[in-house]
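What follows is a short report on a single structure.
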Amino acid sequence: MAAQILDGKALSAEIKAKVAKRTAELNKQGIDVCLGVIMVGDDPASQIYVRNKQNACDKVGFCSRTVILDKGTSQEDLEKAIEGMNEDDAIHGILVQLPLPPQLDEKKALALIRPEKDVDGFHVVNAGMLFTGQKQVVPCTPKGIMAMLKHTGIDLNGKEAVVIGRSDIVGKPIAMLLLEQNCTVTICHSHTAQLREHTRRADILVSAVGKPGFVTADMVMPGAVVIDVGITRVDGKVVGDVAFDEVKEVASWITPVPGGVGPMTIAMLMENTLEAAERLEC
């Protein structure tokens, strides 16, 4: 039997509807939730992502402010833009669109965002709180993945989870979140030997490597839940890490690309921004 589809579009719509309801309550108190976005350069993919985030803000009742800096901007000018949003009490969440041009220090820039306004959850303070089980702001994509897993109704307690990819944005935080739910977690990466031996043991398999079709059916344990975080454009088409057509015949649940993790990431950005506003204003 083919896998059930984890529909990120439908689930994200439910989450955004709840965010919109809570936002309306804040509006009644005279609080306008606001997301500040800083984009450097004119990368087409970044422009699409920023536009999608702005559209999501409109739908849930947020205001949004976007600062667009020239691709040749200096570190000093980027930091001034971040500091300006830090000091603006009307802005509750700050997002610096990644990647940044090569002349800019990404880690230094992200470290300047006030942790309470860091709605991406990338600040070292928020990363440390997640690692020590005191999480306040959880990175959007891992948070969305956990919401999808909860939606399946599967009890994660004691399950074997394998994460392919060790990035600070997805791989490491999702591993921590799965561990918190009492999964036994293995993190695999480009230096992992005998990768298939690891992935074939996974009840939960998360791939976040950005390599089209990387995960094939012979790498998946029958009945596994497969979460595809990869997004790559191939011949004008957006595809994921998972060879979807063949893996869906083996897995019990699977996320499509597009329409899976992507919409959930934006929904969780909205939720994180709302929660930041509630902490700062209430």
Side-chain angles (χ1 to χ4, degrees), residues 15-16 18-20 22-27 29-40 46 49-69 73 75-100 104-144 167-170 172-173 176-177 264-282:
I15 292 167
K16 285 187 283 189
K18 293 176 182 177
V19 169
R22 287 163 60 188
T23 301
E25 292 301 316
L26 288 181
N27 291 160
Q29 301 173 42
I31 300 169
D32 292 322
V33 182
C34 186
L35 173 67
V37 178
I38 298 172
M39 185 172 74
V40 183
S46 291
Y49 294 147
V50 168
R51 186 163 59 247
N52 288 343
K53 290 164 186 174
Q54 290 171 331
N55 289 340
C57 284
D58 292 340
K59 289 180 180 178
V60 299
F62 294 178
C63 67
S64 61
R65 299 186 192 176
T66 302
V67 172
I68 300 176
L69 301 174
T73 198
Q75 185 77 21
E76 180 181 6
D77 286 341
L78 172 59
E79 292 178 7
K80 283 181 180 177
I82 294 171
E83 290 291 5
M85 289 190 176
N86 276 336
E87 297 304 317
D88 189 339
D89 291 339
I91 293 177
H92 302 105
I94 301 171
L95 180 152
V96 175
Q97 180 64 43
L98 303 178
L100 294 173
L104 299 175
D105 187 329
E106 180 180 299
K107 289 187 182 296
K108 187 177 179 182
L110 295 177
L112 281 177
I113 300 172
R114 284 171 53 185
E116 61 269 30
K117 290 190 175 187
D118 166 40
V119 289
D120 263 333
F122 296 161
H123 194 283
V124 66
V125 168
N126 288 320
M129 291 182 76
L130 173 62
F131 185 83
T132 55
Q134 306 173 73
K135 59 182 182 294
Q136 177 167 283
V137 183
V138 177
C140 302
T141 298
K143 188 177 182 181
S167 73
D168 294 339
I169 295 173
V170 179
K172 293 175 184 176
M176 290 300 101
L177 293 171
M264 290 298 295
T265 297
I266 293 180
M268 292 305 167
L269 174 63
M270 299 299 103
E271 186 171 86
N272 280 355
T273 303
L274 173 66
E275 290 172 352
E278 291 173 334
R279 286 193 298 271
L280 289 165
E281 298 279 3
C282 300

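- Listed by chain and number, the residues in a side chain to side chain contact (heavy atoms under 4.5 Å, CB included) with T23 are V19, N27, V33, F62, L274 (sequence neighbours excluded).
- Side-chain atoms of N272 and V138, non-hydrogen and from C-beta on, never get closer than 4.5 Å to each other.
- The structure places CE of M268 at 4.0 Å from CE of M264, a figure rounded to the nearest 0.5 Å.
- Residue I91 holds its CD1 atom at 12.5 Å from CG of D32, rounded to the nearest 0.5 Å.
- For residues 119-128, the set of pairs meeting the side chain to side chain donor-acceptor pair (under 3.5 Å) definition, not counting sequence neighbours, comprises D118-N126.
- For K53, the side chain to side chain donor-acceptor pair (under 3.5 Å) test picks out Q97, with sequence neighbours left out.
- Here the CG-CG distance, from D105 to L112, works out to 9.5 Å after rounding to the nearest 0.5 Å.
- With sequence neighbours excluded, the residues satisfying side chain to side chain contact (heavy atoms under 4.5 Å, CB included) with L104 are V40, T73, Q75, L78, L100, P101.
- When all heavy atoms are compared, the tightest approach of L26 to A277 is CD1-CB, 4.4 Å.
- Residues satisfying the side chain to side chain contact (heavy atoms under 4.5 Å, CB included) test with K80, not counting sequence neighbours, are E76, D77.
- Remark: R114 engages E116 in a side chain to side chain donor-acceptor pair (under 3.5 Å) (not counting sequence neighbours).
- Minimum heavy-atom separation, L35 to C57: CD2-SG, 3.7 Å.
- R279 meets the side chain to side chain donor-acceptor pair (under 3.5 Å) test with no other residue; sequence neighbours excluded.
- Between the CD1 atom of I266 and the CD1 atom of I15 there is a distance of 12.5 Å, given to the nearest 0.5 Å.
- Here the closest heavy-atom approach between residue S64 and residue Q54 is recorded as OG-CG, 4.1 Å.
- Under the salt bridge (charged side-chain N to carboxylate O under 4.0 Å, His left out) criterion, the residue pairs touching residues 132-143 are K135-E180, K143-E271, K143-E275, with sequence neighbours excluded.
- For E281, there are no salt bridge (charged side-chain N to carboxylate O under 4.0 Å, His left out) partners at least two apart in sequence or on another chain.
- Between M85 and K117 the shortest heavy-atom distance is O-NZ, 2.9 Å.
- For the atom pair CG (L110) and CG (L95), the distance works out to 9.5 Å, reported to the nearest 0.5 Å.
- Between N86 and the choices D88, D89, I82, the side chain to side chain contact (heavy atoms under 4.5 Å, CB included) rule is met once, by I82.
- Side chains of R22 and E278 form a contact here, defined as non-hydrogen atoms less than 4.5 Å apart.
- Residues passing the side chain to side chain donor-acceptor pair (under 3.5 Å) test with E106, sequence neighbours excluded: none.
- Between D168 and F122 there is no side-chain heavy-atom pair separated by less than 4.5 Å.
- Atom CD1 in I68 sits 10.5 Å away from atom OG in S46 (nearest 0.5 Å).
- Looking at residues two or more places apart in sequence or on another chain, you find no salt bridge (charged side-chain N to carboxylate O under 4.0 Å, His left out) involving K16.
- Partners of P142 by side chain to side chain contact (heavy atoms under 4.5 Å, CB included), not counting sequence neighbours, listed by chain and number: P139, P173, I174, L177.
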